[in-house]
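Lettering follows sequence order; numbering is per chain, from 1. Scope of the values below: all heavy atoms of this structure, side chains included, with no hydrogens, waters or symmetry mates. As the structure is a computational prediction, the values presented were derived from the model and not from experiment.
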There are 2 protein chains.
Amino acid sequence: MENEESCSTHGLHTKSVENVRKKMLDNESTKELSMFFKVFGDATRIKIMYALYLNEMCVCDIAVALDLSQSAVSHQLRTLKTSRLVKYRRTGKVVYYSLDDEHVIKVLEQGISHIKHD
Amino acid sequence: MENEESCSTHGLHTKSVENVRKKMLDNESTKELSMFFKVFGDATRIKIMYALYLNEMCVCDIAVALDLSQSAVSHQLRTLKTSRLVKYRRTGKVVYYSLDDEHVIKVLEQGISHIKHD
DNA sequence: TGAACATATGATTATATGTTCATGTGTTCA
DNA sequence: TGAACACATGAACATATAATCATATGTTCA
């Protein structure tokens, strides 16, 4: 009787295990979600995103304001663009970047609240 | 006149650059924030966190429900614990994990909304 | 106390990722 | 048209990180 609930076979708590198995995210969503958050997981990208949280900015402004190389900024913006964390518009030679949507802003804000222990 | 605003020296848009320089996150916060998000940036940890979003669970239940090795789960829980994304309580041999705070839950929810294009 | 069990951890290895350097692309304007 | 400029990208290298295997720790109960 007890052994039907042994850890190595069905887990200790059948209810929880079944519930998770039923409601779990599919692999596709899991991957997308982790990719989405992974992009937030770098100090340089956080700086860039926070700058864009303050203002829409062009590549060169970001580089100058944050004291980063143009190349590094451009590479990171590519990552941010690919994951749809930022959007951009072009005006002549200049490309202006900004945060893509409200979710990105909210995630940033929640993160800040978390580290502030609010 | 124009050259005072050359890209390589002061950036194209002085206002934005100054604004960012004034309001930018300090290095400490930037690092903490990126560390916090980095933890979300792995498919295994997302699965674990989503499972904990559904139920409080012990290590073995997580491993069984998600078909992961006990070792892998334990290693990841350590990471999650260190960054204060999950909390735990012990009852005898069994350690129950759950998401640490409301911010963690909100971040997860915002991420899901983002990938669903809500 | 010692066997059984749930969980934690150290070492290793394979892979992923960020930066730099060099160069390419696309736009403006004289 | 071609020089100047803003931005993008490819290759290479150094570092970080996740999974596995083996083993350790801590708790329960007979």
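One interatomic measurement links the two molecules: CG of A:L12 to P of C:dC5, which rounds to 12 Å at whole-angstrom precision. We find that OH of A:Y88 is positioned 8 Å from P of D:dA8, with the value rounded to whole Å. Atom NE2 in A:H10 sits roughly 13 Å away from atom P in C:dA6 (whole-Å rounding). The distance between atom NZ of A:K93 and atom P of C:dC29, rounded to the nearest whole Å, is 7 Å. Taking atom CZ of residue A:R45 and atom C1' of nucleotide D:dA16, one finds them 13 Å apart after rounding to whole Å. Atom CG in B:D42 sits about 17 Å away from atom P in D:dA16, given to the nearest Å. Protein atom CG of B:L80 is 14 Å distant from nucleotide atom C1' of D:dT17, rounded to whole Å. In this entry the distance linking OH of A:Y96 with P of D:dA8 reads 13 Å, nearest Å.
For the residue pair B:K31/B:N27, the side-chain donor-acceptor check at 3.5 Å is not satisfied. If you check the side chains of B:K15 and B:N19, you find no donor sitting under 3.5 Å from an acceptor. Side-chain contact of A:H103 with A:R84: a donor-acceptor pair under 3.5 Å is absent, judged by distance alone.
Of the candidate nucleotides D:dA8, C:dT9, D:dT27, D:dT27 has the atom lying nearest to any side-chain atom of B:R90. Of the listed nucleotides (C:dG10, D:dA8, C:dT20), C:dG10 has the atom at the smallest distance from the side chain of B:H75. Nearest nucleotide to the A:K38 side chain, out of D:dA16, C:dT17, D:dC7: C:dT17. Distances from the side chain of A:K81 to the nucleotides C:dT19, D:dA16, D:dA8 place D:dA8 closest. In the set D:dG10, D:dC7, C:dA8, D:dG10 carries the atom at the smallest distance from any side-chain atom of A:S71. Side chain of B:Q76, nearest nucleotide from C:dG26, D:dT9, D:dA18: D:dA18. For A:R78, taking side-chain heavy atoms from C-beta onward, the closest of the listed nucleotides D:dG10, D:dT17, C:dT9 is D:dG10.
Checked by distance alone, B:S69 brings no side-chain donor or acceptor within 3.5 Å of a matching partner on the base of D:dC21. Applying the 3.5 Å distance criterion, the base of D:dA6 shares no donor-acceptor pair with the side chain of A:Q70.
A close approach under 4.0 Å does not occur between any side-chain nitrogen or oxygen of B:S74 and OP1 or OP2 of C:dA6. For C:dA8, one of the phosphate oxygens OP1 or OP2 lies less than 4.0 angstrom from a side-chain nitrogen or oxygen of B:Y97.
Of all nucleotides present, only C:dA3 satisfies the Watson-Crick or G-U wobble test against D:dT28, with each distance under 3.5 Å.
More than 12 heavy atoms of other residues, nucleotides or ligands lie within 6.0 Å of CG in B:D26, so this atom counts as buried by the packing criterion.
Centroid-to-centroid, the aromatic rings of B:Y96 and A:H13 come within less than 6.0 Å.
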